[in-house]
Asks: 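Can you read through this structure? Questions will come right after.
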Amino acid sequence: MGQYIMGFISTQLRFKYWVFKLWFIGIFLLQINGNDKKALIFGITGQDGFYLTKLLLDKNYIVHGCMRNTPSQLERMRQSFKGFYKNSLFLHYGDLTDASSIIELLDEVKPDEIYNLGAQSQVALSFKKAEYTTNCDALGPLRILEAIRILGLKDKIRFYQASSSEMFGDVEDKLQDEMTLFAPKSPYATAKLFAYWITRNYREAYKIFACNGILFNHESERRGRGFVTRKIARAVAKISCGKNKVLCLGNLDSTRDWGYAPDYVEAMWLMLQQNAPDDYVIATGEGHSVREFVEAAFKVIGVTVEWHGDGINEIGRNKETEKILVRIDPKFFRPNDKKSSLGCNEKAKKLLRWQPTTKFNELAKKMVESELLNHL
Ligand code: NAP
């Protein structure tokens with residue numbers, strides 16, 4: 001009898017041990033899947049907003065997005081994420097220039113993670129809309145940080161600020177990393193620099209888990225039409241279908257470190273999963289000129305570009321047919337353009353275990369092929 005009771009107790013204990021172990025493994029799996037996490041994205045309608053939303057939904061997050069009041073955007077977002085994520089994606093109206101809409105939104109959603117991707121993001125336009133750019137890009141993030149503080153959510157929320165390599169300005173022949181001095185050359189870059197510092201200030205002063213991703217240029221099929229890579233990809237597709245003849249550009253010799261946007265949103269997410277908040281440069285470490293992007297893009301449609309002439313008289317011809325494909329138009333020169341940019345991604349590689357996956361030629365190919373689908 002005693003033996004029987006002892007056996008029964010030992011079976012019960014083993015059973016309880018296994019139930020506990022399975023429960024523990026379940027909780028652990030939920031944690032790494034981010035199953036119970038809520039994210040709020042400012043700038044959800046932009047290029048990075050799209051890829052980040054997709055990444056977070058794939059990780060089983062509940063995603064809330066803040067967008068400005070344009071019904072056409074709402075329709076575009078619904079189309080983009082149609083069907084699959086019915087109960088996981090929620091859109092709200094709000095504006096980075098309007099503090100009360102931000103406070104209300106944070107109070108309603110109480111997210112675990114905030115990604116601030118919202119910005120007037122065009123450098124050239126920032127010279128024409130300097131005050132608006134500053135209001136949105138500099139004070140917008142401050143408004144979010146203040147809302148976190150005022151609502152007493154500083155221990156709950158992790159905050160990502162979309163900082164930019166534009167903050168470095170011109171640093172020629174050198175890799176730029178987290179220790180490089182900043183020397184912004186546009187209203188956009190200056191506003192981003194304020195946002196960078198206020199993010200660090202709130203991290204230090206209020207112990208908010210706040211990170212800056214200092215991202216170098218990243219492009220994709222969803223890049224805004226005002227950006228040079230998308231402009232080139234569209235023009236190449238249109239020229240190949242006979243809808244356009246010539247592509248007009250500004251400075252062909254500006255060099256940029258161009259990566260692929262889906263890789264870069266993964267780095268944003270990784271930053272908020274670390275034990276401590278920090279700032280990271282995200283880049284490919286490879287520089288290419290606008291001229292090289294033009295050559296790579298035309299190569300996708302089987303055309304080799306040959307360059308003739310100098311300065312504003314330079315032209316690019318189709319090597320085979322000798323037709324002019326590219327001209328220079330001084331109206332596309334920026335008032336204070338930075339010539340080159342090249343990032344060092346060593347810290348992100350080491351601490352975040354992040355790697356860019358898409359090479360320059362592959363990026364140009366993806367962008368032109370996507371435009372060909374739109375224009376054929
Ligand atoms: P994007 O395509 O231009 O998207 C910007 C987003 O910000 C859009 O959703 C836009 O909404 C929103 N926005 C603009 N003004 C706003 C306001 N007043 N209130 C709320 N939202 C507003 O930019 P992206 O390429 O995705 O870049 C994401 C972020 O990373 C931006 O902050 C950008 O400055 C920064 N960044 C980008 C790069 C890059 O190479 N892509 C590099 C470094 C840093 P609407 O649709 O209403 O205009």
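Indexing begins at 1, ligand by ligand and atom by atom, following the structure's order.
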Asks: With a 4.5 Å cut-off on side-chain heavy atoms, are V109 and F90 touching?
Replies: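 Side chain of F90 against side chain of V109, heavy atoms only: no contact under 4.5 Å found.
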Asks: How about F159 and Y115: are their ring centroids closer than 6.0 Å?
Replies: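 No, ring centres 6.0 Å or more apart.
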Asks: Residue-level breakdown please: for F42 versus ligand 1, do any non-hydrogen atoms fall below 4.0 Å on the side chain, on the backbone, on both, or on neither?
Replies: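 Under 4.0 Å from ligand 1, F42 contributes no heavy atoms.
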Asks: Pick one of side chain, backbone, both or neither for how K192 approaches ligand 1, counting any non-hydrogen atom pair under 4.0 Å.
Replies: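 Just the side chain.
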Asks: Using a plain distance cutoff, I'd like to know if R68 has any nitrogen or oxygen under 3.5 Å from a nitrogen or oxygen of ligand 1.
Replies: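 Yes.
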Asks: Looking at ligand 1, does F227 have a heavy atom less than 4.0 Å from it?
Replies: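 Per 4.0 Å heavy-atom rule, F227 does not contact ligand 1.
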Asks: Any side-chain heavy-atom pair from V300 and V236 closer than 4.5 angstrom?
Replies: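 V300 vs V236: side chains apart.
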Asks: If you measure every N/O of S163 against every N/O of ligand 1, is any gap under 3.5 Å?
Replies: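 No, there is no polar N/O contact under 3.5 Å.
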Asks: Using a 4.0 Å heavy-atom cut-off, say whether Y132 meets ligand 1 through its side chain, its backbone, both or neither.
Replies: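 For Y132, only side-chain atoms sit under 4.0 Å from ligand 1.
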Asks: Please work out, at 4.0 Å between heavy atoms, whether the side chain, the backbone, both, or neither of C136 comes within that distance of ligand 1.
Replies: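 The answer is the side chain.
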Asks: About how many Å separate OH of Y280 and NZ of K347, when rounded to the nearest 0.5 Å?
Replies: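 Separation between the atoms: 5.5 Å.
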Asks: For ligand 1, indicate whether the residue S165 contacts it via side chain, backbone, both or neither (heavy-atom separation under 4.0 Å).
Replies: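 The answer is neither.
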Asks: Validate the cation-pi geometry between K349 and W354: distance from NZ or CZ to the six-membered ring centre under 6.0 Å, angle to the ring axis within 45°.
Replies: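 No, K349 does not lie over the aromatic ring of W354.
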Asks: Checking the N or O distance criterion of under 3.5 Å, is ligand 1 in contact with H218?
Replies: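 So ligand 1 has an N or O lying under 3.5 Å from an N or O of H218.
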Asks: Considering both backbone and side-chain atoms of Q120, is one of its nitrogen or oxygen atoms within less than 3.5 Å of a nitrogen or oxygen in ligand 1?
Replies: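 Between Q120 and ligand 1, no N or O pair is found under 3.5 Å apart.
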Asks: I'd like to check the ring-ring contact (aromatic ring centres under 6.0 Å, His included) partners of H218; sequence neighbours left out, ordered by chain and number.
Replies: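 Residues passing ring-ring contact (aromatic ring centres under 6.0 Å, His included) with H218: Y264.
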Asks: Heavy-atom distances under 4.0 Å are what count here, so tell me which part of E166 touches ligand 1: side chain, backbone, both or neither.
Replies: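 Within the 4.0 Å criterion, E166 makes no contact with ligand 1.
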Asks: Is there a heavy atom of R223 sitting under 4.0 angstrom from any atom of ligand 1?
Replies: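 In this structure, R223 qualifies as a contact of ligand 1 - some heavy atom is under 4.0 Å.
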Asks: Any N or O of T97 that comes nearer than 3.5 Å to an N or O of ligand 1?
Replies: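 Such a contact does not occur with ligand 1.
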Asks: What I'd like to find out is whether the side chain of E286 reaches to under 4.5 Å of the side chain of H288, using heavy atoms alone.
Replies: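 Counting from C-beta outward, E286 and H288 do come under 4.5 Å.
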Asks: Compute the minimum heavy-atom distance from C66 to ligand 1 and say whether it is under 4.0 Å.
Replies: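 No, C66 has no heavy atom closer than 4.0 Å to ligand 1.
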Asks: Short question: side chain of Q274, backbone of L270 - any donor-acceptor pair under 3.5 Å?
Replies: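 Between the backbone of L270 and the side chain of Q274 there is a qualifying donor-acceptor contact (under 3.5 Å).
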Asks: At a 4.0 Å threshold, what atoms of ligand 1 neighbour a non-hydrogen atom of A162?
Replies: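 Near A162, meaning under 4.0 Å from one of its heavy atoms, ligand 1 has 29 (C), 30 (O), 32 (O), 35 (C).
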Asks: Would you check if the distance from the ring center of F182 to the ring center of F168 is below 6.0 Å?
Replies: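 Yes, close enough.
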Asks: Hey, is ligand 1 close enough to G49 that some N/O pair sits below 3.5 Å?
Replies: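 No, G49 has no N/O under 3.5 Å of an N/O on ligand 1.
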